[in-house]
**Q** 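Questions regarding the structure given below will be posed in turn.
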Amino acid sequence: MKKILLTCLIFIIGVTGQLHAQEESEKEVKYGQITELPRQDDAMKKWRSNRFGQFIHWGLYAIPGGVWKGKTYEYAAEFLKSSAGISTATWDSLQYQFNPIKFNAMAWAKMAKAMGVKYATITTKHHEGFCLWPSEYTDFDIENTPYGKDLLGEFIEAYNAEGIDVSLYYSVLDWHHPDWRYKLNSEEDKEAFERLKIFTKNQLLELLDRYPTVKGLWFDGTWDQCWKDNGQFSYELEKKLKEKHPGLVVNSRMRADEYGSRHFDSNGVLMGDYESGYERRLPNPWDIEVTKNDWECCMTIPENQWGYHKDWTLTHIKTANELIEMLVQCTSQNGNFLLNFGPTGEGDFREEEVKLAKEIGDWMDDNSSAIYNCGYAGLKKQGWGYFTQNNDSETTINMVVFNKPINGKYRVKLNKGSVIKKAYLLSKPDKALDLEEISNGEYFIEAKKVKTKDPFVIIIELENKDSKKFHQKALT
Ligand SMILES: C[C@@H]1O/C(=N\OC(=O)Nc2ccccc2)[C@@H](O)[C@H](O)[C@@H]1O
């Protein structure tokens, strides 16, 4: 009896200690998450079902394209001002050269539509501070260029006409604005940054006023101490923008809490509406933690260029197959994939980008049912490729194959209790593939005669609801 009492006492002390430790680690966060996640409103469901987007980085940096006074700078082309040590006055004078005579918003939108993107995110203002729209808060904008017209408005109208949602990238970091400060070291710094905050809020409200059809704001340039010291401001700004624009979708990069913690607050709670830290990188394909939140990977075609760079021989240029695999992996882990294009200073795309858009679009024409409105299937990653499952489906699972087994037999491990009714190639729905049950929920699917050199989809139809998947879905 004494032994039992002692054991119970030790257990109670242990649990109390853990709870106390947990309470201690939980900070009181006043300026953290605003919207309970994952959002289930229509705007977020549409964002989630879009899965594939086009990123556009366009600004004055597209004019020099990474080359200054005959010297090529290998660093990101949109950072040429700092890479080449160019004065703000010299850089800003590029404004008077910006005249993208080849810009055709409808042609851009049709290329994007053919590629299969459902949304596009365009830089309204990158770190250089130049605005692609006529802003009443600065003269460093499109209105004061030889082009003169509302380029951003043309872009939004053309993409919306093709049924493509548009989100707006906005850099808080602003090299042009005299009140920008990296750190607030003095009262003067603080006063200047207060003016910068008002300017920022005014421009964002102006963008939502001018372009009411936009679906989201993609914040960037928020890593410096000045912004991390202003968690309350970013909290109140997100609230105000969402009150003004119901359904607005905001990335986690906008936010810092009052302790300076970014993306996730000091208790690890995601801020904004989706995680936007996957930049030119993806999670491990077997990572299921990442499936618990909405997230987006933004990706360049060269290794490190967001803006147009004249020299694409400097790094590896990703192939269509590599980019398709990234898109499929994101989908398989409940993420979106935002693929970047960097238009030239004249307003057209380099031929490599046009070719890739066509190759990806051709694949999407045949396989987008495994991408749009699809997500994590609640199954472990397996060697032949990726599972995805339509968010409205209960009994069909997509296998997107990138690695064919040499014997043409695909080992497929489903949840215990899952029974395959039939499996077939998406391209040949009338021809059932041979099945061999290995054990409870585990099968070989035989697909020996697949000729294509491209990734392809095998559809699995289950006898019963894939209960584990939908139970997991309820929990997320
Ligand atoms: C999408 C990219 O975003 C950037 N920078 O991103 C980050 O610094 N990302 C970041 C920073 C801290 C944590 C996670 C991601 C910009 O400098 C770049 O020109 C491009 O617009």
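In each ligand, atom 1 is the first atom listed, and ligand 1 is the first ligand listed.
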**Q** Using the ring of each side chain (for Trp, its six-membered ring), is Phe199 parallel, tilted or perpendicular to His177, with breaks at 30° and 60°?
**A**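 If you compare the ring of Phe199 with that of His177, the planes turn out tilted.
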**Q** If you measure every N or O of His127 against every N or O of ligand 1, does any of those distances drop under 3.5 Å?
**A**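 Yes, at least one N or O pair falls under 3.5 Å.
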**Q** Is the terminal nitrogen or CZ of Lys118 (NZ for Lys, CZ for Arg) located under 6.0 angstrom from the six-membered ring centre of Tyr372 and within 45° of that ring's axis?
**A**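 Judged by the rule, Lys118 and Tyr372 form a cation-pi pair.
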**Q** Tell me the protein heavy atom at minimum distance from atom 19 (O) of ligand 1, and give that distance in Å.
**A**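 Result: Glu78 OE2, 2.8 Å.
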**Q** Suppose I only count heavy atoms of Tyr169 and a 4.0 Å limit; which atoms of ligand 1 are within that range?
**A**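 Every atom of ligand 1 under 4.0 Å from some heavy atom of Tyr169: 21 (O).
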**Q** With a 3.5 Å distance limit and no angle check, can you tell me whether Gln329 reaches the backbone of Pro283 through a side-chain donor-acceptor pair?
**A**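 The answer is yes, because a donor-acceptor pair under 3.5 Å joins these two groups.
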**Q** Hey, looking at atom 14 (C) of ligand 1, which of Met299, Glu275, His263 has the closest heavy atom?
**A**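 Among Met299, Glu275, His263, the closest heavy atom to atom 14 (C) of ligand 1 belongs to His263.
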**Q** Do Lys381 and Tyr386 form a cation-pi contact, if we require the NZ or CZ to be under 6.0 Å from the six-membered ring centre and within 45 degrees of the ring's axis?
**A**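 That pair qualifies as a cation-pi contact.
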**Q** Using distance alone, decide if ligand 1 has a nitrogen or oxygen within less than 3.5 Å of any nitrogen or oxygen in His126.
**A**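 Between His126 and ligand 1 (N or O atoms, distance only) the closest approach is under 3.5 Å.
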**Q** Tell me: protein heavy atom nearest atom 12 (C) of ligand 1, and distance?
**A**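 Checked against all protein heavy atoms, atom 12 (C) of ligand 1 sits closest to Arg262 NH1, 3.5 Å.
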**Q** Please write down residue, atom name and distance for the protein heavy atom closest to atom 11 (C) of ligand 1.
**A**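 Looking only at protein heavy atoms, the one closest to atom 11 (C) of ligand 1 is Trp223 CE3, 4.2 Å.
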**Q** Any idea which protein heavy atom is nearest atom 21 (O) of ligand 1, and the distance to it?
**A**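 Looking only at protein heavy atoms, the one closest to atom 21 (O) of ligand 1 is His57 NE2, 2.7 Å.
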**Q** Okay, side chain of Glu353, backbone of Gly342: is any donor-acceptor separation there less than 3.5 Å?
**A**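 Yes; at least one donor-acceptor contact below 3.5 Å.
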**Q** Taking the six-membered ring where the residue is Trp, are the ring centres of Trp91 and Phe130 under 6.0 Å apart?
**A**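 Ring centroids of Trp91 and Phe130 are no less than 6.0 Å from each other.
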**Q** Could you identify the single nearest non-hydrogen protein atom to atom 4 (C) of ligand 1 and state the distance to 0.1 Å?
**A**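 The answer is Asp220 OD2, 3.0 Å.
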**Q** Within the 4.0 Å heavy-atom shell around Phe79, which atoms of ligand 1 are there?
**A**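 The list of qualifying atoms is 17 (O), 19 (O).
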**Q** Give a yes or no on whether the backbone of Ser276 and the side-chain of Ser252 come within a donor-acceptor separation of less than 3.5 Å.
**A**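 Between the backbone of Ser276 and the side chain of Ser252 there is a qualifying donor-acceptor contact (under 3.5 Å).
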**Q** For atom 10 (C) of ligand 1, grab the closest protein heavy atom and report residue, atom and distance to one decimal in Å.
**A**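 Scanning the protein heavy atoms, the shortest distance from atom 10 (C) of ligand 1 goes to Glu279 OE1, 3.8 Å.
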**Q** May I have all residue pairs that pass side-chain hydrogen bond (donor to acceptor under 3.5 Å, both in side chains) and include part of residues 57-76, sequence neighbours excluded?
**A**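 Qualifying pairs, neighbours excluded: His57-Asn340.
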